[in-house]
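Following: one structure in structure tokens, then a few remarks.
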Amino acid sequence: MAFNHKHILGTEYLSREDIQLILDTAESFREINTRSIKKVPTLRGKTIINAFFENSTRTRLSFEIAGKRLSADTVNISGSASSVTKGETLEDTARNIEVMHPDIIVIRHGHSGAPHYLAERLNCSVINAGDGAHEHPSQALLDILTMRQHKGKIDGLKVAIVGDIAHSRVVRSNLYALNKMGADVHLAGPGTMMPSGIERLGATVHYDIRAAVKDADVVMMLRIQLERQGMTLLPTLREYARFFGLNDDVLKLAKADAIVMHPGPMNRGVEISSAVADGPQNVILGQVENGVAVRMALLYLVSGGEQAVE
Amino acid sequence: MKILIKGGRVIDPSRNFDQVADLLIEDGKIAAIETTIDTKAADQVIDATGQLVTPGLIDIHVHLRDPGLEYKEDIVTGTLAAVAGGFTSVACMPNTKPVNDNKAVTQYIINKAKNDGYCNVFPIGAITKGMAGETLSEMGELKEAGCLAVSDDGRPVSDGEVMRRALEYSRPFGITVVSHTEDLSLVGEGVMNDGFVATELGLKGIPWVAEDTMTARDVMLAEFTGGRLHVAHISTKGGVDIVRQAKARGVNVTCEATPHHFTLTDEAVRGYNTDAKMNPPLRSAADVAAICAGLADGTIDAIATDHAPHHIDEKNVEFRIAMNGIVGLETALPLTLELVAAGTIDLPRAVALLSCGPAHALNIPRGTLEIAAPADVTVIDPSLKWTVVREELKSKSRNTPFTGRKMKGAATCTIVGGKIVFSR
């Protein structure tokens with residue numbers, strides 16, 4: 001089937017079939033990542049700009065490796081080094097990038113909607129690598145690929161997502177995608193971190209981690225930003241760990257074969273205990289590994305996907 | 001110079017007058033309104049057959065950006081936009097550079113408007129020095145210089161004691177205090193209405209309660225002090241309820257609503273549309289319904305545009321950092337007529353909300369067609385169809401969410417002090 005998206009701005013805009021195609025394509029790329037020569041010529045001659053206007057290590061590295069393994073020329077712009085700090089507008093930055101004729105821009109930006117803004121103004125493909133509290137589509141896709149590998153399917157899975165729902169782009173992207181794939185999504189978090197109307201995106205809302213985790217097939221813990229401690233959203237991290245952290249006792253409520261996920265970076269002892277993070281049910285590094293394959297698939301598909309993988 | 005407006009439906013809600021009649025203007029004043037006036041009595045005759053003849057429309061909430069921010073708008077372009085929209089009087093907010101918190105700035109605005117402007121301009125002074133919310137401005141001298149009201153619009157007076165004293169101090173001067181009601185601690189970093197759309201777009205929300213708690217505080221302070229309060233741009237159901245209850249108790253309070261708040265909801269923000277970003281933000285459908293009910297039952301006294309011109313560079317950016325506000329002078333009249341077409345309000349009520357209602361709220365000596373009153377008259381073709389085209393707007397800025405909207409109704413002739421300042 002054909003992939004008809006020039007941009008990957010969010011899972012909101014992807015159909016179930018699109019998602020399946022991305023996952024299947026990623027599966028076929030996974031093998032390349034284990035070869036001794038980890039490189040195919042698929043995107044030779046293509047230029048990919050990784051424009052990260054907000055800090056990121058994992059996602060940027062993952063996109064960069066994905067591009068390089070497909071033989072594209074990848075260039076990185078980071079927030080502090082970019083002209084943003086010199087007061088240039090995003091539109092001017094975009095225009096300057098444009099005239100260098102990149103094929104794909106991968107953008108991470110602190111402002112929700114920034115990738116949409118670029119997509120409206122540029123001729124090249126735009127891939128959203130995280131915009132504000134809006135979407136982080138490649139993360140949700142790698143999450144779902146990981147779930148599929150371990151569970152064989154997504155339809156009917158109970159997925160619990162726990163943490164700072166309000167500020168999480170991972171949650172929104174997962175909600176759109178998981179619902180399209182037929183999962184039953186349950187959210188839990190403190191009352192201060194649950195945004196208005198989130199249930200309308202297809203989720204059951206809990207304020208008790210136990211209710212969300214009970215009988216779950218997948219438990220996904222979100223990172224708590226440490227700076228939120230002492231703000232009005234959260235009294236202390238200690239209290240957060242007690243009421244919303246995942247430990248062995250809470251995990252026992254999930255199905256015996258439940259998997260534990262985390263988009264990283266983890267705060268051990270806060271949202272997740274070390275015992276769980278390193279325990280037999282964790283698939284956290286598998287998520288990271290799948291990240292490269294999913295991003296290879298996205299780069300390949302938005303490039304037209306016409307060339308065979310060798 | 002005698003102007004005769006013939007055959008129009010003359011609607012003057014200030015006197016409950018509504019019938020087809022001829023209106024004669026002489027020496028800048030309303031000279032006569034009669035069933036038939038001989039065309040020989042006039043130097044110029046305007047055929048208003050099939051049209052409405054109303055008191056010149058009044059907008060008590062505009063930002064003319066002059067002095068200091070002329071790259072967005074100035075008194076000339078702002079008043080031209082006003083008369084093109086049918087307005088003959090505007091009251092302009094003090095958040096200029098420098099702030100209009102003193103006699104000199106007030107006089108500058110009045111003089112420039114008189115010399116170069118197209119309509120009457122009534123400056124609104126600041127409540128506090130520099131709009132900093134700390135020390136009261138010299139309201140007595142502002143009144144002397146020509147300010148009828150004071151406001152720190154754009155910024156709430158956060159300190160309750162300062163607001164209390166402002167209401168007490170302004171009262172004997174006959175000055176209205178116009179309050180931008182907003183609890184900044186509840187607004188936080190919000191950039192649009194708090195609700196499902198904000199959640200979906202991943203944008204921080206401004207909850208209705210951030211507005212309502214402050215509206216309630218200021219209404220209570222008005223009740224306590226006996227001061228004269230006008231609540232600016234009410235956008236919530238709760239705000240309408242608070243004012244309705246206060247009026248029932250006899251509190252000396254009036255309020256206004258903007259066309260965008262009775263026309264659009266936060267759905268307009270989708271696509272990160274910065275032309276739908278303003279403060280207060282576009283709210284929910286329930287809030288829109290409550291504002292419409294308030295316009296109909298008299299709770300809301302005036303329709304005011306909060307005309308807020310911004311340069312393209314201030315809007316053509318990421319949503320979170322875009323400036324708040326939209327231009328409104330040239331779209332207010334047809335949007336109000338949409339309420340009439342929808343049966344929300346009748347035509348005389350619509351005219352009242354744009355003339356004697358706002359005049360009463362700020363004590364502006366306009367908004368009536370009584371004999372000998374200054375001849376501010378607007379002739380409106382209620383069936384004229386047009387489409388909003390950015391480039392055709394008279395305002396220096398074009399930040400409007402109504403681009404491309406099909407409108408029905410427009411001012412065909414705007415007369416200020418007996419002088420035709422705009423016609424189409």
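Naming convention: chains lettered A, B, ... in sequence-line order (proteins, then strands); numbering from 1 in each chain. The structure presented is a predicted model; accordingly, all values stated were derived computationally and were not measured.
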Check whether A:R169 gets within reach of chain B through its side chain, its backbone, both or neither, counting any heavy atom under 4.5 Å. neither
Proximal component of A:E12, with respect to chain B [non-hydrogen, under 4.5 Å]: side chain
Could you check whether the rings of B:H180 and B:H233 sit parallel, tilted or perpendicular, using 30° and 60° as the cut-offs? perpendicular
Test of ring centre spacing under 6.0 Å for B:Y272 and A:H134: yes
Take the angle between the ring planes of A:Y13 and A:H116 and call it parallel below 30°, perpendicular above 60°, tilted in between. perpendicular
Would you mind telling me which of B:I321, B:L203, B:L201, B:D313 has the largest number of heavy-atom pairs within less than 4.5 Å of chain A? B:L201
Could you check which of A:A133, A:G110, A:A114, A:G132 has the highest count of heavy-atom pairs closer than 4.5 Å to chain B? A:A133
I'd like to know if the side chain of B:H260 reaches the main chain of B:D306, judged simply by a donor and an acceptor atom lying under 3.5 Å from each other, with no hydrogens or angles considered. no
